[in-house]
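In what follows, every heavy atom counts, from backbone to side chain, and hydrogens, waters and symmetry copies are set aside.
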Amino acid sequence: MQGFITLFYKEILRFWKVSFQTVAAPVLTAVLYLMIFSHVLESHVEAYPGVRYTAFLIPGLAMMSMLQNAFANSSSSLIQSKITGNIVFILLPPLSHLEFFSAYVLAAVVRGVVVGAGVMLVTLLFALPDFKYPLWVLLFALLGSGLMAVLGLIAGIWAEKFDQLAAFQNFIIVPLTFLSGVFYSIHSLPSFWLGVSHLNPVFYAIDGFRYGFFGASDVSPWLSLTVVGGTFLLLASFTLHLLRTGYRLKH
């Protein structure tokens, strides 16, 4: 596992060396969202009985930040290596496809969790959400970040230039995260969009994560766990197949 450890360490250093951009900037963005939406909607929206809108919003913003940054870490690292040509130094050593996969995904999960923890710490100045089930919070943080890290790998493998990766992010990742109940309870939606939300695996990640704070959610946390875990395993299997065959990596 020496190769895995080395690659994992390299991926951690890659984002930590520019932590002002990769950690501090997403935290600031989340705080700005919180300030704007809580100021406008605090007195008009009650997503759960007895839960302030600001408190409701904090877990959603933390999870959204984790998901987006986990995706950004694995996808940007892989596409940069492909474009600059230094991916050859990863493909030449005797690294198995499982070590390759694990190092990229775990490093992306670390970045996602670090950003999420930063968002939680800063937003505690605005409201203090309950932590009724901390194990559910941790489980969905890891699974959700892992899911988006795997999607980032798929995007990085598929894309051959930066605008393709940007298209993947703008037309798939951003809609998935913004239309997932971050800013609202999906039960406030019309029936059509309520049905669409139930097809979005990111909704289940955010809803399950929020359940760990309040003990309340739009769907059962066990259903959320099944959907998020099943989607992660399905995408992970597909990604391992791509890495095993060298699709768009071994030219």
Side-chain angles (χ1 to χ4, degrees), residues 26-27 29-42 44-71 109 112-149 173-189 193-232:
V27 171
T29 300
V31 171
L32 291 174
Y33 275 125
L34 180 65
M35 292 174 62
I36 294 169
F37 279 89
S38 63
H39 175 73
V40 173
L41 299 175
E42 175 70 33
H44 301 284
V45 176
E46 184 182 55
Y48 298 150
V51 177
R52 291 177 53 203
Y53 178 72
T54 301
F56 168 86
L57 189 57
I58 287 174
L61 288 174
M63 190 59 163
M64 184 180 74
S65 300
M66 282 190 278
L67 299 177
Q68 291 180 340
N69 282 274
F71 173 85
V109 169
V113 171
V114 169
V115 171
V119 172
M120 291 300 304
L121 286 174
V122 175
T123 53
L124 289 179
L125 300 172
F126 297 86
L128 182 61
D130 297 327
F131 286 84
K132 289 194 173 181
Y133 304 110
L135 289 180
W136 282 103
V137 172
L138 179 61
L139 180 60
F140 278 102
L142 295 176
L143 268 179
S145 297
L147 173 62
M148 297 304 284
I173 301 304
V174 172
L176 284 178
T177 51
F178 275 86
L179 300 176
S180 57
V182 173
F183 303 100
Y184 52 85
S185 168
I186 64 165
H187 290 304
S188 63
L189 298 174
W193 290 108
L194 179 64
V196 170
S197 296
H198 281 108
L199 300 176
N200 182 2
V202 178
F203 155 70
Y204 294 94
I206 292 177
D207 197 58
F209 184 73
R210 191 175 270 135
Y211 173 82
F213 287 89
F214 305 114
S217 56
D218 290 325
V219 298
S220 165
W222 292 104
L223 175 61
S224 296
L225 181 62
T226 301
V227 172
V228 177
T231 306
F232 171 78

Side chains of [X] and [Y]: does their closest heavy-atom pair fall under 4.5 Å?
| X | Y | value |
| --- | --- | --- |
| L57 | L34 | yes |
| W193 | I186 | no |
| M63 | V182 | no |
| F214 | P59 | yes |
| P201 | V228 | no |
| V227 | V219 | no |

query = Taking the six-membered ring for Trp, is the centroid-to-centroid distance between F37 and Y53 below 6.0 Å?
reply = no
ask   = Going through the distances and angles, do F203 and H198 end up as a side chain to side chain contact (heavy atoms under 4.5 Å, CB included)?
value = CA-CA 7 Å; F203 155 70; H198 281 108; 4.2 Å; yes
What's the shortest heavy-atom distance between [X] and [Y], and which atoms?
| X | Y | answer |
| --- | --- | --- |
| S180 | I206 | OG-CD1, 3.0 Å |
| V113 | M66 | CA-SD, 4.1 Å |
| G181 | F56 | O-CZ, 4.3 Å |
| A127 | T54 | CB-CG2, 3.8 Å |
| S65 | P26 | OG-O, 4.3 Å |

Just verifying a value: how many Å separate [X] [atom1] and [Y] [atom2], rounded to the nearest 0.5 Å?
| X | Y | atom1 | atom2 | answer |
| --- | --- | --- | --- | --- |
| L176 | L67 | CG | CG | 9.5 Å |
| L61 | F126 | CG | CZ | 10.5 Å |
| T226 | Y204 | OG1 | OH | 10.5 Å |
| M148 | I173 | CE | CD1 | 3.5 Å |
| F183 | Y33 | CZ | OH | 5.5 Å |
| I58 | R52 | CD1 | CZ | 8.0 Å |

Derivation of the side chain to side chain contact (heavy atoms under 4.5 Å, CB included) call for F131 and M120 = CA-CA 12 Å; F131 286 84; M120 291 300 304; 3.9 Å; yes
key: All pairs passing side-chain hydrogen bond (donor to acceptor under 3.5 Å, both in side chains) where residues 210-222 contributes a residue, at least two apart   = S185-D218
task = Applying side chain to side chain contact (heavy atoms under 4.5 Å, CB included), run through T29 and L32 and close with a yes or a no.
result = CA-CA 5 Å; T29 300; L32 291 174; 5.6 Å; no
task = Tell me, with the steps shown, if L189 and S197 meet side chain to side chain contact (heavy atoms under 4.5 Å, CB included).
result = CA-CA 9 Å; L189 298 174; S197 296; 3.5 Å; yes
task = Could you check whether the rings of W136 and F140 sit parallel, tilted or perpendicular, using 30° and 60° as the cut-offs?
result = parallel
task = May I ask you to decide if L179's main-chain N or O and N200's side chain share a donor-acceptor pair within less than 3.5 Å?
result = yes
N/O donor-acceptor pair under 3.5 Å between S145 side chain and L142 backbone = no
